[in-house]
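For reference, the structure discussed in these notes is given below.
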Amino acid sequence: MENTLGLEIIEVVEQAAIASARWMGKGEKNTADQVAVEAMRERMNKIYMRGRIVIGEGERDDAPMLYIGEEVGICSREDAKDFCNPDELVEIDIAVDPCEGTNLVAYGQPGSMAVLAISQKGGLFAAPDFYMKKLAAPPAAKGKVDINKSATENLKILSECLDRSIEELVVVVMKRERHNDLIKEIRDAGARVQLISDGDVGAAVSCGFAGTNIHCLMGIGAAPEGVISAAAMRAMGGHFQGQLIYDPEVVKTGLIGESKQANIERLNSMNITDIDKVYDAHELASGETVLFAACGITSGNLMQGVRFFHGGARTQSLVISNQSKTARFVDTIHMSGDSKVVQLH
Ligand SMILES: O=C(COP(=O)(O)O)[C@@H](O)[C@H](O)[C@H](O)[C@H](O)COP(=O)(O)O
Ligand SMILES: [Mn+2]
Ligand SMILES: [Mn+2]
């Protein structure tokens with residue numbers, strides 16, 4: 001699966017990032033999102049595959065979505081039998097966030113990306129559009145930190161695993177009212193907090209790499225983003241745990257359904273009966289092959305954002321594969337038809 005898809009999915013995230021980056025700093029988050037969705041869909045539909053979107057986006061804010069259940073790829077077309085041999089066909093599931101950090105793009109802030117995760121059919125947890133409590137940490141702390149432990153305990157464990165003092169640790173937390181106590185606890189324990197307004201996929205994946213100066217992600221973000229983050233961490237051997245949050249009182253933003261009871265019923269109707277289950281990366285991204293691909297829209301810890309020149313653009317992407325055990329950074333110059341200049345820097 002990886003060999004045939006690897007290069008093409010880079011182009012999928014590249015095209016989404018380029019489209020969205022044209023709206024960087026324009027204050028129009030829905031447009032930045034919509035153009036990314038359209039570019040991602042258009043490029044995915046040119047791939048020789050039968051793909052199904054298991055995680056799309058847009059339910060929360062009526063954004064234009066690659067909708068859940070949407071079939072993508074040449075081999076999903078009605079006339080697919082003319083091009084695709086069913087015996088050779090691999091059916092894949094895809095989780096997408098064409099513009100992760102729409103606010104970041106709209107306001108020209110760092111850390112936005114076009115991102116997706118791919119696995120065999122059934123290989124990605126079809127997370128509902130709920131919130132998720134998350135804990136991400138470097139490979140050295142995998143299975144040692146635990147979302148059921150307090151932040152203070154986890155920081156002690158992390159400090160031992162990474163062989164550095166708690167004061168030398170940086171924990172990313174989304175700046176939300178719901179995290180006020182968590183932030184205080186982390187600071188009281190001696191660690192430093194990096195507050196982000198949006199974009200917890202980038203923060204989670206940053207924990208997987210030494211040298212990003214991010215050692216942990218704690219707190220509550222969205223569940224779909226949790227699955228995409230888990231795919232990356234599964235592929236690179238980092239720690240990721242997620243627990244669905246269904247009580248609006250905990251989330252505080254109010255964007256989580258009408259009531260706790262209604263949310264529980266919704267989860268049950270989706271066959272999620274163990275509603276407090278803590279999922280690890282292998283459960284959220286359980287397929288034999290897991291691929292994660294992202295392309296920077298605005299620059300962040302992991303990737304540079306899109307840089308335009310005379311109609312062309314330069315992008316930086318990251319593809320992580322559990323099969324080849326690679327984290328591949330891809331730097332691409334996209335030349336427009338009549339480029340007079342192919343800009344190197
Ligand atoms: O920041 C985020 C926004 O994602 P997007 O809508 O694709 O631009 C995500 O990274 C967060 O995980 C999540 O969506 C957020 O925490 C949920 O929103 P909020 O209610 O503002 O906390
Ligand atoms: Mn997102
Ligand atoms: Mn998004």
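Both ligands and their constituent atoms are indexed starting at 1 by order of listing. From a predicted model like this one, the values you see are computed outputs, not experimental measurements.
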Any N/O/S atom, side chain or main chain, of D97 closer to the Mn ion (ligand 3) than 2.8 Å?
yes
Among E11, E14, E38, which one satisfies salt bridge (charged side-chain N to carboxylate O under 4.0 Å, His left out) with R43?
E11
Who's closest to atom 22 (O) of ligand 1 heavy-atom-wise, of R178, M174, E100?
R178
For G199, the ligand 1 atoms with a heavy-atom partner under 4.0 Å come out as 1 (O), 2 (C), 10 (O)
So, of the N/O/S atoms that E225 has, which is the nearest one to the Mn ion (ligand 2)?
OE2
The Mn ion (ligand 2) is nearest to which N, O or S atom of E100?
OE1
Quick check: does G221 get an N/O under 3.5 Å from an N/O on ligand 1?
no
When only distance counts, is S197 in polar contact with ligand 1, meaning an N/O pair under 3.5 Å?
no
Do E91 and R52 meet the salt-bridge criterion of a basic N to acidic O distance under 4.0 Å?
no
Any salt bridge linking R176 with D198? Criterion: basic side-chain nitrogen under 4.0 Å from a carboxylate oxygen.
yes
Pair E70 + R41, salt bridge at N-O below 4.0 Å
yes
Report, in ascending order of atom number, the atoms of ligand 1 lying under 4.0 Å from any heavy atom of Y131.
17 (C), 18 (O), 19 (P), 20 (O), 22 (O)
Just checking D163: does its CG atom have more than 12 heavy atoms from other residues, nucleotides or ligands closer to it than 6.0 angstrom?
no
Considering only residues two or more places apart or on different chains, which pairs with a residue in residues 194-233 satisfy ring-ring contact (aromatic ring centres under 6.0 Å, His included)?
F209-F329
Keeping Q120 on the side-chain end and V290 on the backbone end, is there a donor-acceptor pair under 3.5 Å?
no
Between K277 and E283, is there a salt bridge with N-O shorter than 4.0 Å?
yes
Could you tell me, atom by atom, which parts of ligand 1 come under 4.0 Å of a heavy atom of G101?
4 (O), 5 (P), 7 (O), 8 (O)
Can you name the atoms of ligand 1, numbered from 1 with element, that are less than 4.0 Å from a heavy atom of R176?
19 (P), 21 (O), 22 (O)
Answer with side chain, backbone, both or neither: which part of C99 has a heavy atom less than 4.0 angstrom from an atom of ligand 1?
backbone
Which atoms of ligand 1 have any heavy atom of D97 under 4.0 Å away?
7 (O)
Lys/Arg N to Asp/Glu carboxylate O, K184 vs D188, below 4.0 Å:
yes
May I ask whether K29 has any heavy atom positioned less than 4.0 angstrom from an atom of ligand 1?
no
